[in-house]
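Remember, it's 1-based here, ligands and their atoms both numbered in the order they're listed.
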Amino acid sequence: MELAQRVKEIKPSPTLAVDAKAKALQAQGVDVIGFGAGEPDFDTPDNIKEAAIKAIKAGFTKYTPAGGTEELKKAVCQKLKKDNGLDYEPAEILISCGAKHSLYNICQALFQKGDEVIIPAPYWVSYPDMVMLAEATPVILKTTEETGFRITAKQLEQAITPKTKALILNSPSNPTGASYTKEGLMALAQVVLKKGITVISDEIYEKLMYDNVSFFSIASLDPKLKAQLLVVNGVSKSYSMTGWRIGYAAGPRPVITAMTNIQSQSTSNPTSISQKASLEALSGPQDFIPIMLKEFDKRRTYMVDRLNAMPGVSCYKPTGAFYAFPNCAGVFGRKAGTTTITDSTSLAQHLLESVNVAVVPGVAFGADENIRLSYATSFANIEKGLDRIQKAIEGLT
Ligand SMILES: *Cc1c(COP(=O)(O)O)cnc(C)c1O
């Protein structure tokens with residue numbers, strides 16, 4: 001059977017692929033330490049689970065409106081007002097099956113052949129593929145540790161052409177953990193306003209920030225931006241609810257309506273029960289977040305310090321999310337037996353095969369000198385896994 005052209009260039013999500021490979025080894029009885037996880041290792045808080053159980057028992061188990069329930073949309077509006085100072089109405093909100101689904105719907109609603117979409121690298125793996133599935137062209141802007149993995153206003157302005165439709169921003173970032181300062185975002189916002197492009201702001205790691213660094217949404221900087229901007233967020237990362245599949249988008253009403261129509265013809269509504277759980281997540285007690293954050297912070301410092309102490313490895317200290325993204329170019333050219341480590345893929349393969357540690361090669365994020373390690377795993381695992389990585393790296397000749 002002949003596949004459609006549209007899907008021929010699409011790759012399966014490499015982060016999920018590494019996870020699957022590590023899990024397959026584990027199933028064979030191999031003691032694998034997995035740093036591939038893209039989700040918090042905490043359980044979903046009890047009050048959220050209880051809300052879901054209550055919804056099931058009350059028979060809240062039927063279709064809801066395709067774009068989500070009015071009560072959850074209202075809760076999202078309140079969240080955006082309280083946390084980000086943004087004014088949105090329920091008609092400007094879409095609830096979808098995860099933030100990923102909101103991003104996908106945005107791409108389908110806005111992009112078409114001939115459009116260029118600017119994506120700063122290192123980028124979240126799904127952005128370029130989602131843009132390509134909408135038949136548009138991803139334009140990658142490279143950033144490095146030296147600039148804190150942030151694009152500058154000048155870099156953005158130079159990349160904009162008459163074909164540029166949008167910029168996808170992700171702060172704090174997966175995979176780098178870097179976040180933009182208010183000043184940095186203001187400079188980008190000026191270019192966005194001047195050039196009239198759309199900004200898609202993926203704020204899924206908003207609540208996971210360290211070192212007293214504050215979160216700023218680019219949306220909050222200038223009310224004029226509202227007509228050109230979509231905010232994407234969700235409950236997966238903040239409330240350890242990845243499996244519940246609830247995310248949301250806020251934006252101009254015609255775009256939200258178009259996204260709702262796409263959703264109504266594809267998935268229909270996000271799970272009714274998960275919507276009730278998410279309502280509790282957004283409007284119930286928030287004390288789970290600082291507890292999770294404190295533990296992540298401890299692991300972050302330990303992991304980054306250990307990585308920086310390894311020969312040939314240098315690791316930027318992330319200010320958000322739950323990933324370390326060390327640059328390993330210093331070990332490229334060294335040998336493991338007869339094979340030479342030449343890039344992020346051969347390094348990741350070497351770590352998996354020689355010491356059974358799973359990491360994600362940076363090439364998946366558009367950064368072939370780096371690997372991504374998630375610290376959303378126990379401290380004991382982190383210690384053990386880093387001991388193994390150190391041994392593997394020190395063993396290179
Ligand atoms: C995890 C993640 C998402 C998607 O989260 P959902 O589970 O689909 O809500 C979106 N963007 C980034 C950068 C992520 O890391």
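- For atom 11 (N) of ligand 1, the closest non-hydrogen atom on the protein side is Asp202 OD2, 2.6 Å.
- Side-chain atoms of Thr44 and Trp244 form a donor-acceptor pair, as typed in the model, at a separation below 3.5 Å.
- With hydrogens and angles ignored, the 3.5 Å screen pairs a side-chain donor or acceptor of Ser96 with a backbone N or O of Ser102.
- Tyr180 and Phe215 have their aromatic ring centers separated by at least 6.0 angstrom.
- Aromatic ring centres of Phe288 and Tyr239: separated by at least 6.0 Å.
- Note: Phe322 and Tyr205 meet the aromatic proximity criterion, with ring centroids under 6.0 Å apart.
- The shortest heavy-atom distance from Ile204 to ligand 1 is under 4.0 Å.
- For the pair Glu39 and ligand 1, no heavy-atom separation below 4.0 Å is found.
- Using a distance-only test at 3.5 Å, with no hydrogens or angles considered, no donor-acceptor pair links the side chain of Asn308 to the main chain of Met310.
- With respect to atom 14 (C) of ligand 1, the closest heavy atom belonging to the protein is Lys237 NZ, 3.1 Å.
- Looking only at protein heavy atoms, the nearest one to atom 15 (O) of ligand 1 is Tyr205 OH, 2.6 Å.
- In this structure, Gly247 does not count as a contact residue of ligand 1, since none of its heavy atoms falls inside 4.0 Å of the ligand.
- In terms of protein heavy atoms, atom 9 (O) of ligand 1 is closest to Ala99 N, 2.6 Å.
- The contact set between ligand 1 and Arg245, taken as ligand atoms under 4.0 Å from a residue heavy atom, comprises 6 (P), 7 (O), 8 (O).
- For ligand 1, the polar-atom distance check against Lys100 finds a nitrogen or oxygen pair separated by under 3.5 Å.
- Separation of the Tyr210 and Phe296 ring centroids does not fall under the 6.0 Å cut-off.
- Set against the non-hydrogen atoms of Asn170, the atoms of ligand 1 under 4.0 Å away are 13 (C).
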> Please walk me through it: do Asp343 and Ser346 pass side-chain hydrogen bond (donor to acceptor under 3.5 Å, both in side chains)?
Replying inline: CA-CA 6 Å; Asp343 53 18; Ser346 52; 2.8 Å; yes
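- For the ligand labelled ligand 1, residue Ser236 lies inside the 4.0 Å heavy-atom shell.
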